[in-house]
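For reference, the structure discussed in these notes is given below.
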There are 2 protein chains.
Amino acid sequence: MVTIYDIAAKANVSAMTVSRVINQPERVSEKTRERVLKVMEELHYVPNGMARSLVLQESKILFLLVTDIRNPFYTTLARGAEDAAAENGFRLLFGNSDESPDKESNYVETILKTRVDGALIAPSGDASLPSLERLRKHKVPFVLLDREVPGIECDVVLGDSISGARQLVGHLAELGHRRIALVNGSLAVSSARYRQEGYREALKTFGLAYDERYVLEAGFGLEHDPAAIEAWLKRLDPLPTAIVAGNNVLALHVIRLLRARGIRVPEQVSVAGFDDFGPFAGADPFVTVAAQQAYQFGHTGMRLLIERIRARGEDRPRKRIVLPTALILRKSTAPPV
Amino acid sequence: MVTIYDIAAKANVSAMTVSRVINQPERVSEKTRERVLKVMEELHYVPNGMARSLVLQESKILFLLVTDIRNPFYTTLARGAEDAAAENGFRLLFGNSDESPDKESNYVETILKTRVDGALIAPSGDASLPSLERLRKHKVPFVLLDREVPGIECDVVLGDSISGARQLVGHLAELGHRRIALVNGSLAVSSARYRQEGYREALKTFGLAYDERYVLEAGFGLEHDPAAIEAWLKRLDPLPTAIVAGNNVLALHVIRLLRARGIRVPEQVSVAGFDDFGPFAGADPFVTVAAQQAYQFGHTGMRLLIERIRARGEDRPRKRIVLPTALILRKSTAPPV
DNA sequence: TTGTATGCGTTATCAT
DNA sequence: ATGATAACGCATACAA
């Protein structure tokens, strides 16, 4: 490996001068600077980031941990985070917890070991508490995305789940639906709780009774077993005329399972969900959704994180940013028969 | 920051003993080992990966560079790579070049600077040559995915694009189509070249003439301007009765643009493409595709890379693995009117 | 079994 | 403007 000492020897200067050429070029005479640069070129020198980080105690690398890398909500969010990082001279390391607190905990160890400058985290849920406390204890700056965790006070970017749920239920109620069900993520996830809250409020607003048989606590993850949803659908009698899904994964599961039972969407049952489907929704976007500003989640969160890092030591109040959802009407919802 | 010296002091041993407890526990007496472990626990010690990498000259971190993180083909591939990395005790760093050789080149600099142990790269195209040569010059092990680059001899995992194109054209020809067009990626990308080759061969097989007016070289990227496709569609007279798209992005563009012009798919024009749409294809998968084994791309590529790293120095022959495509018939293709 | 000296590649500090 | 030295946190080689 080529080091600054190799450069130094060949250019007849000290290693320090080489280091200066890299970091404070103006403090080196033009003549030697050019000579050193030429040698660096010849030897194809590339600075060793680890050595640099070791002495500087900073890496200019940040970490983004999402719960499902295949979910377009998170990839779009990732693009936002990536752009904001690049705009500020940071690099991004990526992790994917698959909604599993265990995998998440592993990634937190990686974050600690690699001494990245900070982390942007979409927590798997309330069970993330120990991992986040660990980051806190080690003074790793972090910002939460999409979900907050009771017991952790920190910067966080959330979607307005309560309002989003109200929009969806309101839309369905105005179409005339009176039996509106909810298939949700685990209530150990803050967004699921808020969505359930908005759902209940909206039912009340429209004079509809809350019936817990019409509410299922499934899970947000792609890998979660849809069998629970299937069993739930099977035992519902009468069927709801509309179903609100807690996220995009659940919406697709519900539509698929309804159709598998020969139930037509939206003719017999309307379906609406949270989160949009990204650029690969298909040529014919089908599902009515309360869309979240995925890109903004990542971009805003990353900006908050970088602010935190820059204001290290200062005791700024935490920020809690809530991004609005947008109701997008498509073909999966229609008036009841 | 807590270091092995802090542990050493509190446990009344030398730093070396602490290091041994971490790396060769069996070479430390049980009594002192337990004492040291207890102190590590108390002080919440986490080894400094950068210092470790600096002396060991290895990081156990690999890099995956894809050309579009929002494309489900690449996220599914990423999951495969991630799993294979974890199975072998490696961590993954992530990058996204957006089909841009410039961004790609930036990431290659990051790969170099951070001294990761190796890289898994889906190149943006033939223009990746200088970046890859740079990696080669610095002896960074890498494996190419999905696309090969003339001038670079290395392990590579490809899809069988020729056969895939034959499948798609064959399917359409057997439905009775005789004017089959091709909207492709840039011919500066190997997969696009192979797909074009398979397209031409299949036309010949079915006794159809190759007409270059029915072939458009657009681009694979999500950000590429669909205007070129639109203009091309507009000037085609007569319209083809079927269009083969070089990837999933192009397939969706084509369908959307056709519909925007009031042309119905598949009633008036059939559309089929490469790559599937991942778990978020929608509840009602619409597009007929030659699906690639995305997960296998990542998993197999990662295994090749790790083999390379382990066999460092040995001069093994390069491997060129070609994964088959699977024709999945759906609703976007039908017999011509 | 445990400890000492040294080096990994870089930068900060102080000197010249 | 340039250089010598120490330090970042850890592991290897050798010694005790």
Side-chain angles (χ1 to χ4, degrees), chain A residues 1-37 39-40 43-61 109-117 138-140, chain B residues 1-37 39-40 43-61 109-117 138-140:
Chain A
M1 177 184 302
V2 180
T3 73
I4 52 174
Y5 283 92
D6 301 320
I7 312 291
K10 196 162 178 184
N12 278 314
V13 293
S14 74
M16 228 10 254
T17 300
V18 179
S19 176
R20 283 205 192 87
V21 169
I22 297 168
N23 302 298
Q24 309 153 327
E26 71 285 356
R27 291 189 44 188
V28 177
S29 80
E30 192 173 330
K31 231 170 52 185
T32 60
R33 192 197 320 154
E34 279 173 9
R35 186 158 32 105
V36 170
L37 284 172
V39 175
M40 284 177 39
L43 266 46
H44 305 294
Y45 171 73
V46 177
N48 185 322
M50 320 205 100
R52 199 158 193 280
S53 302
L54 189 59
V55 43
L56 291 182
Q57 303 283 38
E58 72 163 21
S59 63
K60 288 287 178 188
I61 294 180
E109 290 310 308
T110 302
I111 288 172
L112 257 20
K113 273 212 256 293
T114 54
R115 301 295 198 269
V116 293
D117 294 346
H138 287 273
K139 301 198 195 311
V140 178
Chain B
M1 178 184 302
V2 180
T3 75
I4 53 173
Y5 286 93
D6 301 320
I7 312 289
K10 194 161 179 187
N12 278 314
V13 293
S14 74
M16 220 17 247
T17 300
V18 178
S19 177
R20 282 204 192 88
V21 169
I22 297 169
N23 301 298
Q24 309 153 328
E26 71 284 357
R27 289 189 46 190
V28 176
S29 80
E30 193 174 328
K31 232 170 53 185
T32 59
R33 191 196 321 152
E34 279 174 8
R35 186 157 33 107
V36 169
L37 284 172
V39 176
M40 285 175 43
L43 266 47
H44 305 296
Y45 171 72
V46 177
N48 185 322
M50 319 204 103
R52 201 159 191 280
S53 302
L54 188 59
V55 42
L56 290 183
Q57 304 283 38
E58 71 163 21
S59 63
K60 288 289 180 185
I61 294 180
E109 290 310 309
T110 302
I111 289 172
L112 256 21
K113 273 212 256 292
T114 54
R115 302 293 198 270
V116 293
D117 294 346
H138 287 274
K139 301 197 194 312
V140 178

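In this structure, the CD atom of B:Glu30 is 12 Å from the P atom of C:dT2, given to the nearest Å. When the C1' atom of D:dT2 is taken as reference, atom CD of A:Glu26 falls 15 Å away, rounded to whole Å. Put simply, CD on A:Gln57 is 10 Å from P on D:dC10, counting in whole angstrom units. Between the CE atom of A:Met40 and the P atom of C:dG9 there is a distance of 16 Å, given to the nearest Å. We find that CG of A:Leu54 is positioned 9 Å from C1' of D:dA7, with the value rounded to whole Å. To the nearest angstrom, P of C:dG9 lies 14 Å from CG of A:Leu43.
The environment of CD in B:Glu30 is sparse: at most 12 heavy-atom neighbours from other residues, nucleotides or ligands sit within 6.0 Å.
One distance of note links CD1 of A:Ile111 with CD1 of A:Ile61; it measures 12.5 Å at 0.5 Å rounding.
For A:Ser14, no side-chain nitrogen or oxygen approaches OP1 or OP2 of D:dT2 to under 4.0 Å. Taking only side-chain nitrogens and oxygens, B:Thr32 comes nearer than 4.0 Å to OP1 or OP2 of C:dT2.
Judged by distance alone, the side chain of A:Arg20 and the main-chain N or O of A:Val28 form no donor-acceptor pair under 3.5 Å.
Counting non-hydrogen atoms under 4.0 angstrom, B:Met50 reaches nothing in the nucleic acid.
A:Tyr45 places none of its side-chain heavy atoms less than 4.5 Å from the side chain of A:Val39.
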Shorter than 3.5 Å, N or O on both sides, protein versus nucleotides 10-13 of chain C: list them out with atom names.
{"residue": "C:dT10", "atom": "OP1", "partner": "A:Tyr45", "partner atom": "OH", "Å": "2.3"}
{"residue": "C:dT10", "atom": "OP1", "partner": "A:Asn48", "partner atom": "N", "Å": "3.1"}
{"residue": "C:dT10", "atom": "OP2", "partner": "A:Ile4", "partner atom": "N", "Å": "2.7"}
{"residue": "C:dT11", "atom": "OP1", "partner": "A:Asn23", "partner atom": "OD1", "Å": "3.4"}
{"residue": "C:dT11", "atom": "OP1", "partner": "A:Asn23", "partner atom": "ND2", "Å": "2.8"}
{"residue": "C:dT11", "atom": "OP1", "partner": "A:Arg52", "partner atom": "NE", "Å": "2.8"}
{"residue": "C:dT11", "atom": "OP2", "partner": "A:Ser19", "partner atom": "OG", "Å": "2.6"}
{"residue": "C:dT11", "atom": "OP2", "partner": "A:Asn23", "partner atom": "ND2", "Å": "3.4"}

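Residues satisfying the side-chain contact (heavy atoms from CB on, under 4.5 Å) test with B:Leu54, not counting sequence neighbours, are A:Asn48, A:Ala51, A:Leu54. Take A:Arg115 and apply the side chain to side chain donor-acceptor pair (under 3.5 Å) test, not counting sequence neighbours, and it matches no residue.
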